[in-house]
Enquirer: 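Have a look at this one.
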Amino acid sequence: MKLNYASGSQKRKEEEDKKKQDSATTSIPSLTVEDTASRTEIESAPLPNTEVSSTAQGTTSTVIIADDPAQWPAVLTDSVCCQIVKKGPVQVTNIVFPQNSENPPRRFTNENYMKSMKNGEKSLRSWMLYSMSTDSVFCFACTVFGKRDNALSNCGFRTWRNLPHHLQEHEFSKGHCDNMTNWHELQRRLQTNTTIDQRQQDLMRIEIEHWKGVIRRVIAIICHLAERNQALRGTTSELYDPHNGNFLAQVELMAQFDSVMTEHIRRIQNQETRRVHYLSGTIQNEIIAIIGNKVLEEIVRRVHRAKYYSVIMDCTPDVSHKEQLSIVLRIVNCEPSVSIAEHFFGFLDVEDTIGKGLTEVLLDHLQKHSLSLSDCRGQSYDNGSNMMGHKQGVQARILQLNSKAFYIPCSSHTLNLVVADAAKSSVLSISFFGVLQRLYNLSSSSVQCWAVLKEHVQQLTLKPLSTTRWEARIDCVKVVRYQLPEILDALSALQTFAIEKGDSETMSTAKSLHGELKTWSFLLCTMTWYNVLYQINHVSKLLQSPNVSMETLRSETEGVKDYLEDFRENGIASCQTDAKDIAENLDMEMTLPEKRQRKKKRQSLYEGTEETLSTPDETFRRDFFLPMVDTALRSLSDRFSRLKGVYDLYDFLFSKDNMKQTIKNGKLHERCKKLEQTLHDIDADDLALEINSSLYTFPDHVATSPFDMLNYIYSEKLLDLYSNLSIALRLLLTLPVSVASGERSFSALKLIKNYTRSTMGQERLTGLALMSIERDVRQSLDMEDIVIAFAENKARKQQF
């Protein structure tokens with residue numbers, strides 16, 4: 001090989017460059033950041049887990065450096081060099097390296113990191129880095145300290161056929177040796193804190209700790225206000241202004257007792273912070289967005305760990321007339337202990353509310369967060385046609401993409417529809433609820449009328465009717481059921497008050513309502529409706545818990561059905577007994593009005609003269625009681641019949657007794673095979689064997705529900721014995737029962753985005769909602785990386 005010798009001028013130039021590098025190495029890092037940026041630039045801290053960026057002047061400090069050398073900045077500032085050297089080279093080893101376009105194709109291997117010696121030993125090339133983004137290798141030392149005048153320090157070397165020869169030449173080059181010396185020298189200085197004047201370094205450390213303390217307190221205040229759905233900003237952004245909002249008010253309050261915040265406010269007032277104070281609305285938005293993203297990342301991590309999930313969706317308009325789509329994910333956590341969780345997954349502003357548009361929004365949101373639709377095992381929505389439509393609804397479109405995502409209609413919405421159907425079953429039922437609404441309208445028509453009502457009715461308050469609120473009817477009937485005498489006294493007082501004021505309309509309405517309420521038929525209607533509504537409302541509230549699963553839904557709905565069937569036979573007698581006590585206290589006539597019997601005209605002489613005569617009690621039972629109960633029973637059976645397919649698939653896993661009955665009927669293998677063919681997540685033969693084994697090993701107290709059985713498997717570490725059974729139980733518990741979690745998110749939405757905060761942006765709304773609804777997830781997160789990122793990015797020191 002022909003050797004090329006450098007000329008004298010080249011040698012002198014290399015010596016001068018070496019002196020400059022040594023001088024730069026000794027003075028690294030000059031971590032001062034000039035305060036030349038605008039206020040927005042100063043207070044806009046980059047998000048964590050982002051790559052390093054630098055300005056043309058090289059004055060922007062870094063946050064987190066990427067491991068890929070191809071993504072490092074073109075110009076490395078002193079602070080960037082220090083951070084890279086502190087982190088050190090990160091060699092990629094645990095991937096399958098891609099092949100290049102050479103003939104034959106070649107690829108980089110882990111063996112290239114090693115240098116083979118003649119005696120068989122191998123030494124690690126710690127300076128060599130592999131770039132996944134460019135499929136090439138870099139020299140760590142030359143990229144950081146060199147002139148980037150070769151492939152290993154500039155764009156990367158990827159000609160794998162010539163790699164061994166090229167590495168050998170590079171290792172013995174003078175520039176590489178000098179850069180390696182500079183690297184190890186700076187690394188030693190960083191470890192011993194001798195890169196800059198020790199006093200300046202101590203001042204910088206103190207400044208960083210001060211900013212860390214400030215950021216911790218700012219984050220704590222924002223989280224405190226967000227969890228309570230309170231507004232942060234006011235009409236001004238000046239300290240000690242009475243209209244500066246809750247956030248600055250909390251800062252002022254903390255400064256009275258906390259030394260860190262006291263010092264921070266002193267710097268602001270004395271203009272020592274160079275306009276960096278972390279109290280502006282821009283910083284609030286950044287912190288809210290960062291925390292919201294961290295909460296979402298944690299939820300996604302939990303969903304990936306659980307593998308299977310179900311989707312719960314519902315829509316509502318907000319105060320600014322935007323349609324907000326709430327998404328909730330239901331999962332089963334098995335570690336450290338078994339628990340069922342329904343996590344809020346964000347508000348999405350949707351314009352197209354038909355089934356196609358909502359489906360596309362959902363799929364885009366899942367894809368954005370790397371969640372596969374193939375792992376979805378259930379979906380639950382309200383009973384709107386755009387959601388539950390059999391052809392164009394969201395559930396139908398999701399089933400076309402994933403047949404394993406069973407649709408479960410919301411049980412609470414369904415029970416509310418059962419009550420709505422029964423309320424329209426007869427003229428007397430419609431008139432009954434009309435009277436209750438008129439009673440509320442009269443009492444709330446003026447302040448004086450409400451004061452008269454509160455004077456007499458002190459325990460419970462009249463409530464209006466609502467077609468959407470699940471508990472509206474029971475709340476409305478409950479007041480009349482337990483305080484009818486007090487309400488009648490209030491109506492009598494209203495008549496007197498209206499006569500004194502000359503209000504003929506109020507007097508007429510109060511008199512009319514008094515007469516209608518003080519009748520035996522109205523009292524019987526009250527008792528009948530209260531008994532039915534109490535039972536249905538009890539089940540509805542039970543099914544709104546996230547811990548409820550399908551076996552509870554089935555048992556409770558069957559319990560309601562059995563109650564209504566028994567109430568049909570014996571209910572009217574018990575209602576008359578309860579009503580009798582109230583009627584005696586009111587001196588009320590306990591007789592129903594007789595209805596005039598219509599005489600049938602005889603068409604000929606040979607027709608009979610016998611006519612069927614009904615008593616008032618029989619007429620009341622035929623015209624009111626039976627239509628109400630029969631309509632409720634029929635609606636209950638029809639609306640919950642959609643769940644028959646899910647019950648047929650899973651009901652043999654509901655309890656130990658169900659398993660025994662299935663084995664007794666000789667259908668265990670058939671049911672396991674059906675479950676395998678439908679979901680493809682378990683092995684039917686192994687599942688049948690595990691179920692047979694569990695009948696002898698599971699204690700009786702844990703075999704009453706799927707949740708108890710799954711919890712026993714994981715708590716006793718029996719997963720290797722019941723792996724297929726645990727998967728089947730997880731799939732069963734993942735199915736949603738109601739959309740109550742989505743409805744709860746709407747309550748938070750109305751508190752966060754009210755009429756005084758109607759211009760709030762979508763990102764801020766979602767961030768605040770995640771911090772409020774998922775407060776348990778937020779409190780489990782470590783915010784220290786956010787604190788460090790902000791503090792190191794904004795720390796300042798005085799130059800000398």
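The residues of the chain are indexed from 1 along the displayed sequence.
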Enquirer: Kindly give the heavy-atom pair with the smallest separation between Leu735 and Val646, and that separation in Å.
Expert: CD1-CG1, 3.7 Å

Enquirer: Should Lys673 and Asp685 count as an ion pair when the cut-off is N to O under 4.0 Å?
Expert: no

Enquirer: For the residue pair Asn658 / Ser655, report whether a side-chain donor-acceptor contact shorter than 3.5 Å exists.
Expert: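 Side-chain D/A pair, Ser655 to Asn658: present.
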
Enquirer: Would you say Lys478 has more than 12 foreign heavy atoms packed within less than 6.0 Å of its NZ?
Expert: no

Enquirer: Does the side chain of Asn537 pick up a donor-acceptor pair with the side chain of Ser540 at under 3.5 Å?
Expert: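 No, Ser540 and Asn537 have no side-chain donor paired with an acceptor closer than 3.5 Å.
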
Enquirer: So, do His413 and Tyr381 have ring centers that fall under 6.0 Å from each other?
Expert: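 Ring-ring flag for His413/Tyr381: false, centres at least 6.0 Å apart.
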
Enquirer: Working to the nearest 0.5 Å, report the span between CG of Leu643 and CG of Leu649.
Expert: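 These two atoms lie 12.5 Å from each other.
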
Enquirer: Would you name the heavy atoms of Phe97 and Arg107 that are closest together and state the gap between them?
Expert: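 Heavy atoms only, the tightest pair is O-NH1, 2.9 Å.
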
Enquirer: Do Ser411 and Ser738 meet the criterion of a side-chain donor-acceptor pair at a distance under 3.5 Å?
Expert: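 No, Ser738 and Ser411 have no side-chain donor paired with an acceptor closer than 3.5 Å.
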
Enquirer: Determine the minimum heavy-atom distance between Asp683 and Asn724, stating which atoms define it.
Expert: N-OD1, 2.9 Å

Enquirer: Using every non-hydrogen atom in the two residues, find where Tyr530 and Val477 come nearest and quote the distance to one decimal.
Expert: CB-CG1, 3.9 Å

Enquirer: What are the two closest non-hydrogen atoms of Cys223 and Ile291, and how far apart are they?
Expert: SG-CD1, 3.7 Å

Enquirer: Quick one, Asp364 with Lys368, criterion salt bridge (Lys or Arg N to Asp or Glu O under 4.0 Å). Give me CA distance, side-chain angles, the key distance, then yes/no.
Expert: CA-CA 6 Å; Asp364 291 342; Lys368 176 183 177 182; over 6 Å; no

Enquirer: Are Tyr113 and Tyr130 close enough that their ring centres sit under 6.0 Å apart?
Expert: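 Judged by ring-centre distance (under 6.0 Å), Tyr113 and Tyr130 do not meet the cut-off.
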
Enquirer: From Asp681 CG over to Leu687 CG, what is the distance, rounded to the nearest 0.5 angstrom?
Expert: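 Going from the CG atom of Asp681 to the CG atom of Leu687 covers 11.5 Å.
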
Enquirer: Say you draw a straight line from CG of Leu721 to CD of Glu690; how long is it, rounded to the nearest 0.5 Å?
Expert: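 Here the interatomic distance stands at 8.0 Å.
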
Enquirer: Can you tell me how the ring of Phe746 sits relative to the ring of Phe347, calling it parallel under 30°, perpendicular over 60° and tilted otherwise?
Expert: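 Answer is parallel, since the angle falls under 30°.
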
Enquirer: Does one side chain, of Asp421 or Thr631, offer a donor that lies under 3.5 Å from an acceptor on the other?
Expert: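 Result is no, nothing qualifies.
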
Enquirer: Do Met313 and Ser326 make a side-chain contact, defined as non-hydrogen atoms from C-beta onward lying under 4.5 Å apart?
Expert: no

Enquirer: As a quick check of understanding, evaluate salt bridge (Lys or Arg N to Asp or Glu O under 4.0 Å) for Lys463 and Glu471, giving each step before the final call.
Expert: CA-CA 10 Å; Lys463 299 291 193 303; Glu471 298 184 25; over 6 Å; no

Enquirer: Using a 3.5 Å cut-off and no angle test, enumerate the donor-acceptor pairs between side-chain atoms of residues 550-560 and protein atoms at least two apart in sequence or in another chain.
Expert:
residue	atom	partner	partner atom	Å
Glu551	OE1	Ser549	OG	2.4
Glu551	OE2	Ser549	OG	2.9
Arg554	NE	Glu558	OE2	3.4
Arg554	NH1	Asp651	OD2	3.2
Ser555	OG	Glu551	O	3.2
Ser555	OG	Thr552	O	3.0
Thr557	OG1	Leu553	O	2.8
Thr557	OG1	Arg554	O	3.0

Enquirer: Using a 4.5 Å cut-off on heavy atoms from C-beta on, say whether the side chain of Leu733 contacts that of Leu710.
Expert: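 Yes, close enough: below the 4.5 Å cut-off.
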
Enquirer: Taking the six-membered ring for Trp, is the centroid-to-centroid distance between Tyr712 and Tyr722 below 6.0 Å?
Expert: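 Centroid distance Tyr712-Tyr722: not below 6.0 Å, so no.
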
Enquirer: Can you tell me if His538 has over 12 outside heavy atoms packed within less than 6.0 Å of its NE2?
Expert: no

Enquirer: Just to verify, which of His343, Arg330, Glu342, Gln544 counts as forming a side chain to side chain donor-acceptor pair (under 3.5 Å) with Ser741?
Expert: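 Among His343, Arg330, Glu342, Gln544, the one meeting side chain to side chain donor-acceptor pair (under 3.5 Å) with Ser741 is Glu342.
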
Enquirer: Could you state the interatomic distance from CD (Glu323) to CG (Leu348), rounded to the nearest 0.5 Å?
Expert: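 Spacing of CD (Glu323) from CG (Leu348) equals 12.0 Å.
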
Enquirer: Among side-chain atoms of Ser723 and Ser726, is any donor-acceptor pair under 3.5 angstrom?
Expert: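 No.
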
Enquirer: To check you understand the geometry: which heavy-atom pair defines the closest contact between Cys575 and Asn531, and what is its length?
Expert: SG-ND2, 3.4 Å

Enquirer: Just how far is it from atom CD1 of Ile290 to atom CE of Met783, taken to the nearest 0.5 Å?
Expert: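 Ile290 CD1 to Met783 CE: 10.0 Å, rounded to 0.5 Å.
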
Enquirer: In terms of the angle between their ring planes, are His369 and His365 parallel, tilted or perpendicular, with boundaries placed at 30° and 60°?
Expert: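 His369 and His365: perpendicular rings.
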
Enquirer: Which side-chain N or O atoms in residues 391-406 pair as donor and acceptor under 3.5 Å with protein atoms at least two apart or in another chain?
Expert:
residue	atom	partner	partner atom	Å
Gln392	OE1	Arg397	NH2	2.5
Gln395	NE2	Met388	O	3.3
Gln395	NE2	Gly389	O	3.2
Arg397	NE	Gln392	O	3.2
Asn402	OD1	Lys404	N	3.1
Asn402	ND2	Leu373	O	2.8
Asn402	ND2	Cys376	O	2.8
Lys404	NZ	Leu679	O	3.1

Enquirer: Any chance you could lay out the salt bridge (Lys or Arg N to Asp or Glu O under 4.0 Å) test for Lys294 and Glu298, step after step, and finish with the verdict?
Expert: CA-CA 6 Å; Lys294 285 179 69 69; Glu298 175 62 18; over 6 Å; no

Enquirer: Would you indicate whether Glu716, at its atom CD, is surrounded by more than 12 heavy atoms from other residues, nucleotides or ligands within a distance under 6.0 Å?
Expert: yes

Enquirer: Against the six-membered ring of Tyr309, is Arg377 placed for a cation-pi contact (under 6.0 Å from the centre, within 45° of the normal)?
Expert: no

Enquirer: Let me confirm one number: the CG-NZ distance from Leu415 to Lys541, rounded to the nearest 0.5 Å.
Expert: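 With rounding to 0.5 Å, CG (Leu415) is 14.0 Å from NZ (Lys541).
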
Enquirer: Within a radius of less than 6.0 Å around NZ of Lys750, do more than 12 heavy atoms belonging to other residues, nucleotides or ligands occur?
Expert: yes

